[in-house]
Amino acid sequence: MSDLPAKPVLLTGASGALGRVLTRALGASGWVLRLTDIAPFPDPLPNAASFTRADLADGVAILRLAEGCGAIVHFGGVSVERPFEEIVGPNLRGLYHIYEAARRERARVIFASSNHTVGFHDRAATIAAADPFMPDGYYGLSKAYGEMMGRLYWMKHGVESVFVRIGSSLPEPVNARMLASYLSYDDLVRLVARAVLTETVGTSVVWGASENRAMTWWRDDDRAALGWAPRDSADGFAAQLTGRISDDPVEERYMGGAYCRIDYTRGSPPAATGG
Ligand SMILES: NC(=O)c1ccc[n+]([C@@H]2O[C@H](COP(=O)([O-])OP(=O)(O)OC[C@H]3O[C@@H](n4cnc5c(N)ncnc54)[C@H](O)[C@@H]3O)[C@@H](O)[C@H]2O)c1
């Protein structure tokens, strides 16, 4: 198998933190990238890349951008917890435009899903990719909706998807929770590359975390079928980060961390999940 996709790849959210990382790395590998974002692209463009400014709300623009593409790496949209009304446009309607474009082009979607789809699972548990969604806010809910949309388009139209449930992808981990959830930039790039290049993926789910000793929360995903295994680790940061926790029992109890306590009105957390 070649290391270069047969067709151009559309990357949304190109001007964002992870979009810039992917553009730099995949562009340097010679990928033909069609970049888009609502914000201007701040870096020099790689040789075989073009950039078009567009809003995910503009379905016609997204259709045009996807023309001739074999994959859509969808990293654009609201990337943090926000009020429902701010999330609906980019993350629900925008996602629909992405899947309609994928359907028309018979393209695959690599979707930047999130650990916040399962944020209200207890950290004491270990969950499989097939376990129920437990979103910890409107943002996580929109990502769960995205995964479900991908499954609809697979069953009805044969559109393939890889749902990457990204943990914390930053230059380096910054608190104790990220000793579990950290995903290095290099591991992310390799995962996205495998997601695009693997011959058939159907609908695959991969937990986006590096090889972290503290990562006891997530198991049983589709990484083997993609030929991906993380190579980096947050373990080297353990000495400096182990004590870096909050004094909030909700934040420390659940996988989603600080997102769980945003607008949390229950008082204290229940004795057991579901209680
Ligand atoms: N960084 C992480 O640790 C992490 C964790 C879980 C999931 N994710 C997901 O990965 C993706 C990228 O994350 P990031 O950290 O680079 O976020 P980011 O906010 O830096 O990038 C998102 C990009 O989407 C663009 N965007 C927002 N609304 C848009 C619209 N209406 N039309 C077109 N573009 C729009 C923004 O301009 C921005 O450049 C997001 O989908 C995010 O939800 C990231």
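Just so it is clear, the model here is predicted, and its values are computed rather than measured. Note that these values count all heavy atoms, side chains included, but never hydrogens, waters or copies made by symmetry. Remember, it's 1-based here, ligands and their atoms both numbered in the order they're listed.
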Novice: Quick one: does A17 get an N or O within less than 3.5 Å of an N or O on ligand 1?
Specialist: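 N/O-N/O distance below 3.5 Å exists for this pair.
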Novice: Looking only at atom types and distance, does a side-chain atom of S210 sit under 3.5 Å from a main-chain N or O of S184, one as donor and one as acceptor?
Specialist: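 At least one qualifying donor-acceptor pair exists.
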Novice: If you draw the axis of the six-membered ring of W207, does the NZ or CZ of R165 fall within 45° of it and under 6.0 Å from the ring centre?
Specialist: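 Yes; both conditions hold, so R165 lies above the ring face of W207.
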Novice: Quick check: are there more than 12 heavy atoms from other residues, nucleotides or ligands sitting under 6.0 Å from OH of Y96?
Specialist: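 At most 12 heavy atoms, drawn from other residues, nucleotides or ligands, come within 6.0 Å of this atom.
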Novice: Is there a polar contact between ligand 1 and Y139, counting only N or O atoms under 3.5 Å apart?
Specialist: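 Yes, Y139 has an N/O under 3.5 Å of an N/O on ligand 1.
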Novice: Output the list of atoms in ligand 1 that are nearer than 4.0 Å to some heavy atom of G13, sorted by atom number.
Specialist: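 With G13 as reference, the close atoms of ligand 1 come out as 23 (C), 24 (O).
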Novice: Under 4.0 Å from a heavy atom of S114: which atoms of ligand 1 are those, numbered in the order shown and with their elements?
Specialist: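 Near S114, the atoms of ligand 1 are 6 (C), 7 (C).
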Novice: Can S246 and E252 be counted as having a side-chain donor-acceptor contact under 3.5 angstrom?
Specialist: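 Indeed, the side chains of S246 and E252 share at least one donor-acceptor pair under 3.5 Å.
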Novice: Can you spot which of I62, I110, L56 makes a side-chain contact (heavy atoms from CB on, under 4.5 Å) with H74?
Specialist: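 By the side-chain contact (heavy atoms from CB on, under 4.5 Å) criterion, H74 pairs with just one of I62, I110, L56: L56.
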Novice: For ligand 1, which part of A57 has a heavy atom less than 4.0 Å away: the side chain, the backbone, both, or neither?
Specialist: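 No part of A57 is near ligand 1 at this cut-off.
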Novice: Any Lys/Arg nitrogen of R231 or D187 sitting under 4.0 Å from an Asp/Glu carboxylate oxygen of the other?
Specialist: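 Salt bridge: no.
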Novice: Which residue owns the protein heavy atom closest to atom 4 (C) of ligand 1, what's the atom, and how far is it?
Specialist: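 Of the protein heavy atoms, I166 CG2, 3.7 Å lies nearest.
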Novice: Mind checking whether G77 has an N or O less than 3.5 Å away from an N or O of ligand 1?
Specialist: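 Indeed, backbone or side chain, G77 has an N or O that close.
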Novice: Which of the atoms in ligand 1, numbered in the order shown and given with their element, are less than 4.0 Å from a heavy-atom of S113?
Specialist: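 Reading through ligand 1 atom by atom, the close ones are 6 (C), 7 (C).
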Novice: Taking 4.0 Å as the limit for heavy-atom contacts, which would you say applies to S79 with ligand 1: side chain only, backbone only, both, or neither?
Specialist: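 Answer for S79: both.
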Novice: Closest non-hydrogen protein atom to atom 9 (C) of ligand 1, residue and atom name please, with distance?
Specialist: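 Here the nearest protein heavy atom works out to A112 CB, 3.8 Å.
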Novice: Which ligand 1 atoms are under 4.0 Å away from a heavy-atom of D55?
Specialist: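 Per the distance check, 30 (C), 31 (N), 32 (N).
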Novice: Is the closest N or O pair between F75 and ligand 1 shorter than 3.5 Å?
Specialist: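 N/O-N/O distance below 3.5 Å exists for this pair.
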Novice: Any nitrogen or oxygen of K143, side chain or backbone, less than 3.5 Å from one on ligand 1?
Specialist: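 Yes, K143 has an N/O under 3.5 Å of an N/O on ligand 1.
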Novice: Are there more than 12 heavy atoms of other residues, nucleotides or ligands under 6.0 Å from atom CZ of F237?
Specialist: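 Count over threshold, so yes.
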Novice: For S168, is the nearest heavy atom under 4.0 Å from an atom of ligand 1?
Specialist: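 In this structure, S168 qualifies as a contact of ligand 1 - some heavy atom is under 4.0 Å.
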Novice: Can you tell me the protein heavy atom closest to atom 25 (C) of ligand 1 and the distance?
Specialist: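 So the nearest neighbour among protein heavy atoms is D37 OD1, 3.3 Å.
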Novice: For ligand 1, is G208 a contact, meaning one of its heavy atoms is under 4.0 Å away?
Specialist: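 Outside the 4.0 Å threshold, so no.
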Novice: How far does OG of S15 sit from CG of L35, to the nearest 0.5 angstrom?
Specialist: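 One finds 8.0 Å between OG of S15 and CG of L35.
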Novice: Within the distance-only criterion (no hydrogens, no angle test), does the side chain of N115 pair as donor or acceptor with the backbone N or O of G167 below 3.5 angstrom?
Specialist: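 Such a contact is found between N115 side chain and G167 backbone.
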Novice: Nearest 0.5 Å, what's the CD1-OH distance between I166 and Y182?
Specialist: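 I166 CD1 to Y182 OH: 13.0 Å, rounded to 0.5 Å.
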Novice: What atoms of ligand 1 come within less than 4.0 Å of a heavy atom belonging to G76?
Specialist: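 Atoms satisfying the 4.0 Å criterion: 24 (O).
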Novice: Can you tell me the protein heavy atom closest to atom 21 (O) of ligand 1 and the distance?
Specialist: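 Scanning the protein heavy atoms, the shortest distance from atom 21 (O) of ligand 1 goes to G16 CA, 3.4 Å.
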Novice: Verify whether one side chain among Y153 and E100 offers a donor that lies under 3.5 Å from an acceptor in the other.
Specialist: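 E100 and Y153 do have a side-chain donor-acceptor pair below 3.5 Å.
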Novice: Looking at D58 and R53, is any side-chain nitrogen of the basic one under 4.0 Å from a carboxylate oxygen of the acidic one?
Specialist: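 Answer for the salt bridge query: no.
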Novice: Counting only nitrogen or oxygen atoms and a 3.5 angstrom limit, does S169 reach ligand 1?
Specialist: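 So ligand 1 has an N or O lying under 3.5 Å from an N or O of S169.
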Novice: What protein heavy atom sits nearest atom 35 (C) of ligand 1, and how far away is it?
Specialist: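 For this ligand atom, the closest protein heavy atom is I38 CG2, 3.6 Å.
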Novice: Considering only heavy atoms, does A14 approach ligand 1 within less than 4.0 Å through its side chain, its backbone, both, or neither?
Specialist: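 No part of A14 comes within reach of ligand 1.
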Novice: If you measure from CG on L4 to CH2 on W31, what distance do you get to the nearest 0.5 Å?
Specialist: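 CH2 of W31 is found 8.0 Å from CG of L4.
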Novice: Working to the nearest 0.5 Å, report the span between CD of E172 and OH of Y185.
Specialist: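 Atom-to-atom, E172:CD and Y185:OH are 10.0 Å apart.
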Novice: Who's closest to atom 44 (C) of ligand 1 heavy-atom-wise, of T12, L18, L56?
Specialist: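 Among T12, L18, L56, the closest heavy atom to atom 44 (C) of ligand 1 comes from L18.
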Novice: Could you list the atoms of ligand 1 found under 4.0 angstrom from a heavy atom of A54?
Specialist: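 Counting from 1, the qualifying ligand atoms are 32 (N), 33 (C).
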